[in-house]
Amino acid sequence: MKKICFRIIITSFLLFIVFTGCASTSDSSRSRTLTLDVSALLGDDFLEGWNDSLQNVDSGSKYTELSIRIYEVYYEKYGIPVRDFLSRGTPEMVISEDMTVDGFTSWYCVDSIYGTKLGLEFGYYSDPRYEGVFGFLLYDGSDKGIRTFYERVGLEHHWSWIGDDFDESFTFVISPEGYGRYYDFTNVPDGESIKPRDVYKVRKR
């Protein structure tokens, strides 16, 4: 009887190890991939330069390679792989967790009363190809959104981006208390303080 009980215990233990290992392997093999519009990062000036480069790609000339390389050098500080979105034919970049240093760190906005997700997610990542930390904003609960500037200021997290032109400027700030404040600086004079347009409760993903 003791031998039977011992075998049952050993068998159960081995099955637990096997299933746990399979689950962890399955989870580690999953890699989240984001598609981010970079035009919201640099505005019309970026789009004009991007369109010029895209038109020149077909020529295959040395000037084309030089032009693209100039853009690559210029946008390296923003963590934007120029050749990636030029080849896609759209001002978008695709970044997966496998391409980052420590994956994505992000927070999603929730209703302050009911706690339901609102479809907005702010996050950041480090890309080993470039220096710095880069931000993103995802819409509609999806893995698609825009690239943003990101900055850690004291204990707060700051994201900023622009609209169709440089007159449209937006900022989102997450405080240590777990609240996100959304600011719209469109047509606001430089240096002028404003109140947040909206305040959200945020939870770390």
Side-chain angles (χ1 to χ4, degrees), residues 32-50 74-82 85 90-95 97 100-127 130-205:
R32 191 181 186 193
T33 300
L34 307 182
T35 302
L36 305 175
D37 188 331
V38 297
S39 60
L41 185 69
L42 300 171
D44 286 343
D45 287 345
F46 169 80
L47 283 177
E48 291 176 4
W50 174 79
Y74 181 75
Y75 293 121
E76 275 180 0
K77 60 182 177 180
Y78 299 115
I80 299 176
V82 173
F85 57 74
T90 176
E92 293 179 340
M93 61 177 289
V94 176
I95 181 81
E97 288 184 305
T100 67
V101 176
D102 296 310
F104 302 126
T105 301
S106 63
W107 293 259
Y108 56 88
C109 299
V110 299
D111 186 282
S112 58
I113 298 177
Y114 300 103
T116 54
K117 291 185 179 180
L118 299 177
L120 297 175
E121 182 179 344
F122 289 84
Y124 65 86
Y125 65 91
S126 296
D127 190 329
Y130 309 96
E131 294 183 3
V133 179
F134 310 107
F136 59 83
L137 162 59
L138 305 179
Y139 297 118
D140 304 321
S142 69
D143 288 332
K144 293 185 177 182
I146 62 174
R147 265 290 312 276
T148 70
F149 295 104
Y150 167 80
E151 183 181 15
R152 181 76 176 264
V153 181
L155 298 178
E156 295 181 334
H157 301 273
H158 289 231
W159 290 263
S160 59
W161 66 99
I162 58 178
D164 294 333
D165 56 58
F166 286 102
D167 292 330
E168 299 177 342
S169 177
F170 313 96
T171 298
F172 191 81
V173 179
I174 291 181
S175 66
E177 295 83 9
Y179 287 94
R181 306 189 304 276
Y182 168 63
Y183 298 89
D184 184 349
F185 287 96
T186 302
N187 297 322
V188 176
D190 291 340
E192 182 174 322
S193 298
I194 63 172
K195 294 181 179 181
R197 181 172 177 177
D198 291 299
V199 178
Y200 303 91
K201 185 69 177 176
V202 298
R203 293 178 181 171
K204 198 166 186 178
R205 182 183 172 101

- Query: Looking at Gly103 and Tyr125, what are the two nearest heavy atoms and their distance?
  - Reply: O-CB, 3.7 Å

N/O donor-acceptor pairs under 3.5 Å from side chains in residues 134-155, not counting sequence neighbours:
from	atom 1	to	atom 2	distance (Å)
Ser142	OG	Tyr139	O	2.7
Ser142	OG	Lys144	N	3.2
Ser142	OG	Lys144	O	3.4
Asp143	OD1	Arg32	NE	2.8
Asp143	OD1	Arg32	NH2	2.9
Arg147	NE	Gly135	O	3.3
Arg147	NH1	Tyr78	O	3.0
Arg147	NH1	Gly79	O	3.2
Arg147	NH2	Tyr78	O	2.5
Thr148	OG1	Phe136	N	3.4
Tyr150	OH	His157	ND1	2.6
Arg152	NE	Gly154	O	3.3

- Query: Which distance, rounded to the nearest 0.5 Å, do you find between the CE of Met93 and the OG1 of Thr35?
  - Reply: 10.0 Å

- Between Gly163 and Phe170 the two heavy atoms that sit nearest each other are N-CE1, 3.9 Å

- Note on the structure: Correct closest heavy-atom pair for Val202 and Tyr179 would be CG2-N, 4.0 Å

- Message: Nearest 0.5 angstrom please: Ser160 OG to Tyr183 OH, how far?
- Response: 13.5 Å

- Message: Name the residue from Asp111, Val110, Leu118 that meets the side-chain contact (heavy atoms from CB on, under 4.5 Å) definition with Lys201.
- Response: Val110

- Rounded to the nearest 0.5 Å, the CG atom of Asp37 sits from the CD atom of Glu92 at a distance of 6.0 Å

- Roughly how far apart are Ile95 CD1 and Thr33 OG1, rounded to 0.5 Å? 9.0 Å

- Note on the structure: Scanning both residues in full, the closest heavy-atom pair of Lys204 with Tyr108 reads O-CE2, 4.2 Å

- Task: Can you tell me which residue pairs pass the side chain to side chain donor-acceptor pair (under 3.5 Å) test with a partner in residues 184-193, sequence neighbours excluded?
- Result: Asp184-Thr186, Asp184-Arg197

- Query: Roughly how far apart are Ile80 CD1 and Asp127 CG, rounded to 0.5 Å?
  - Reply: 11.0 Å

- Note on the structure: When Glu121, Arg205, Arg203 are each screened for side chain to side chain donor-acceptor pair (under 3.5 Å) with Ser106, the one that passes is Glu121

- Query: Is there a donor-acceptor pair closer than 3.5 Å between any side-chain N or O of Trp159 and the backbone N or O of Gly123?
  - Reply: yes

- Task: Any chance you could measure Asp102, atom CG, to Glu97, atom CD, to the nearest 0.5 Å?
- Result: 10.5 Å

